[in-house]
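Scroll down for the structure; my scribbles are underneath it.
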Amino acid sequence: MTRLQLRGLGFERWAVNHRIATERWRGLSSTVVSTTTGVLTREQQMWLGVLHAGGDSIVGDLTAAEVHGLRNWHRDEVTVLVRRGLDVGDEPIPGVRFVETRRPLAQLRHRGSHLPVAMVEPAVLRFAAYQRSTRTAEGVLAAVVQQRLTSPQSLSNWVDRMKPLRWSKRFKGVLDDIAGGAQSVSEIDVRRMCRRYSLAPPFRQVKRRDATGRVHFTDCEWRLPDGRILVLEVDGGFHMEVEHWEDDLARQRALTTPGRLVVRCTSRELRDEPGTVAADLRRLGVPAA
């Protein structure tokens with residue numbers, strides 16, 4: 001709670017300071033007090049940020065996406081968006097980063113939450129627009145759609161609403177790819193490779209049953225002119241770990257049949273050497289677009 005809120009509840013300044021001095025309460029900042037002395041929960045850390053900043057400040061960026069349920073994109077630091085020029089003081093608030101913005105925060109706020117938090121679409125788009133790596137930016141857009149937190153169309157609408165927005169044109173193209181079935185950055189890279197080198201676009205996330213009866217979803221598939229199926233599996237960095245590598249080899253053997261050929265490439269090859277991958281696929285019989 002803020003000291004102002006406590007005063008409204010009848011606690012005089014001396015009473016608050018006495019409780020802090022006797023370690024029954026904690027002073028978290030010059031304006032915010034905790035009536036417990038334990039480690040703050042994640043939600044309490046967010047409240048600390050918005051209460052200290054005051055005004056129409058809201059939790060934003062990946063922290064807001066986390067509130068909406070985004071997984072595997074956690075950042076320890078809580079991001080709080082404040083209006084440009086707001087004085088939040090010089091004292092550091094451990095674990096909280098204040099970010100100034102010219103955008104009207106009231107228009108970004110999610111109305112269904114008691115915690116002042118941005119809606120998931122402007123939260124991830126604002127985060128993506130300020131990344132140095134376009135792959136990080138594209139990855140978070142794919143993640144929020146894959147995890148069913150929003151849709152490509154809704155994100156595209158917000159791209160228009162938030163203009164000027166860095167990389168807005170690129171985001172539009174990425175969202176078109178995601179709407180077409182791409183569920184990861186690697187799948188987006190495959191789609192780009194096919195367009196650039198005039199290869200037929202693959203079928204994605206096809207449900208297949210292997211030789212043991214287990215169900216798998218393949219990354220990309222093409223039907224070759226001779227009737228066989230070519231499967232391309234894209235390995236990220238974690239696939240290089242021994243246990244994952246052996247699992248993937250076993251998966252490849254189980255999926256391979258006389259009519260189904262499984263080949264592999266890395267996400268780095270798709271990013272840095274797409275021409276080589278495309279040439280290999282063409283040699284294996286992938287048809288032209």
Side-chain angles (χ1 to χ4, degrees), residues 71-72 134-135 138-149 151-153 155-156 170 172-289:
R71 304 182 306 277
N72 304 323
T134 57
R135 295 183 66 77
E138 294 168 358
V140 73
L141 298 184
V144 291
V145 174
Q146 183 185 35
Q147 296 178 29
R148 301 178 184 274
L149 301 179
S151 66
Q153 184 59 56
L155 284 167
S156 184
R170 186 183 187 96
K172 284 280 196 176
V174 169
L175 291 170
D176 285 343
D177 287 339
I178 296 172
Q183 298 189 33
S184 68
V185 176
S186 293
E187 290 183 37
I188 293 171
D189 287 340
V190 169
R191 191 178 180 93
R192 286 178 179 157
M193 174 192 69
C194 290
R195 284 200 300 260
R196 181 176 178 183
Y197 296 98
S198 301
L199 294 177
F203 299 101
R204 297 185 178 87
Q205 297 298 315
V206 179
K207 184 178 180 179
R208 293 290 183 189
R209 197 173 296 275
D210 66 19
T212 66
R214 294 179 58 189
V215 172
H216 299 277
F217 289 86
T218 60
D219 290 340
C220 302
E221 289 191 3
W222 289 267
R223 182 170 292 279
L224 305 182
D226 61 7
R228 292 182 303 154
I229 299 293
L230 176 67
V231 178
L232 175 66
E233 295 281 73
V234 182
D235 295 341
F238 72 93
H239 288 269
M240 299 301 104
E241 299 173 9
V242 173
E243 62 270 25
H244 290 295
W245 178 63
E246 289 185 346
D247 288 344
D248 289 339
L249 291 179
R251 166 188 162 101
Q252 179 174 342
R253 289 196 305 272
L255 282 174
T256 301
T257 69
R260 188 189 307 140
L261 173 65
V262 181
V263 296
R264 315 178 71 86
C265 73
T266 66
S267 55
R268 185 206 63 78
E269 288 179 290
L270 281 176
R271 181 179 68 247
D272 299 333
E273 304 170 16
T276 301
V277 177
D280 290 340
L281 293 174
R282 186 178 292 110
R283 179 175 52 81
L284 290 169
V286 171

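These values consider heavy atoms only, across backbone and side chains, with no hydrogens, waters or symmetry-generated copies.
A distance of 8.0 Å separates CZ of Arg271 from OG1 of Thr266, quoted to the nearest 0.5 Å. Taken from OG in Ser267 to CG in Asp235, the straight-line distance is 8.0 Å, to the nearest 0.5 Å. If you take OH on Tyr197 and OG1 on Thr276, they are separated by 8.0 Å, rounding to the nearest 0.5 Å. The distance from the CD atom of Gln146 to the CG atom of Leu141 is 12.5 Å, given to the nearest 0.5 Å. Within the model, atoms CG of Leu224 and CD1 of Ile229 stand 7.0 Å from one another, a figure rounded to the nearest 0.5 Å. Considering CD of Glu138 and CG of Leu175, their distance stands at 9.5 Å, rounded to 0.5 Å.
In this structure, Ile178 and Val174 have side chains that are in contact, with non-hydrogen atoms separated by less than 4.5 Å. Under the 4.5 Å side-chain criterion, counting only non-hydrogen atoms from C-beta, Leu232 is not in contact with Pro202. In this structure, the side chains of Pro152 and Asp176 stay at 4.5 Å or more apart for every pair of heavy atoms. Put simply, the side chain of Glu187 does not reach to within 4.5 Å of the side chain of Arg191, judged on heavy atoms. Side-chain contact between Arg192 and Pro274: absent, with no pair of heavy atoms (C-beta onward) separated by less than 4.5 Å. Residues Val190 and Ser186 form no side-chain contact, since every pair of their non-hydrogen atoms from C-beta on lies 4.5 Å or further apart. Residues Asp177 and Arg195 form a side-chain contact, since some pair of their non-hydrogen atoms from C-beta on lies under 4.5 Å apart. Side-chain contact between Trp222 and Leu284: absent, with no pair of heavy atoms (C-beta onward) separated by less than 4.5 Å.
Tested against Val231, the residues Thr256, Val206, Val262 include a single side chain to side chain contact (heavy atoms under 4.5 Å, CB included) partner, Val262.
Applying the 6.0 Å contact sphere to CZ of Arg223 captures no more than 12 heavy atoms from other residues, nucleotides or ligands. Atom CZ of Arg214 has 12 or fewer neighbouring heavy atoms from other residues, nucleotides or ligands inside a 6.0 Å radius.
With Glu233 contributing its side chain and Thr218 its backbone, the two residues share no donor-acceptor pair below 3.5 Å. Remark: side-chain polar atoms of Asp189 are not paired, donor with acceptor, to backbone N or O of Leu270 under 3.5 angstrom.
Listed here is the closest heavy atom pair of Arg228 and Pro258: CD-O, 4.0 Å. Across every non-hydrogen atom of Leu281 and Leu230, the tightest pair is CD2-CD2, 3.9 Å.
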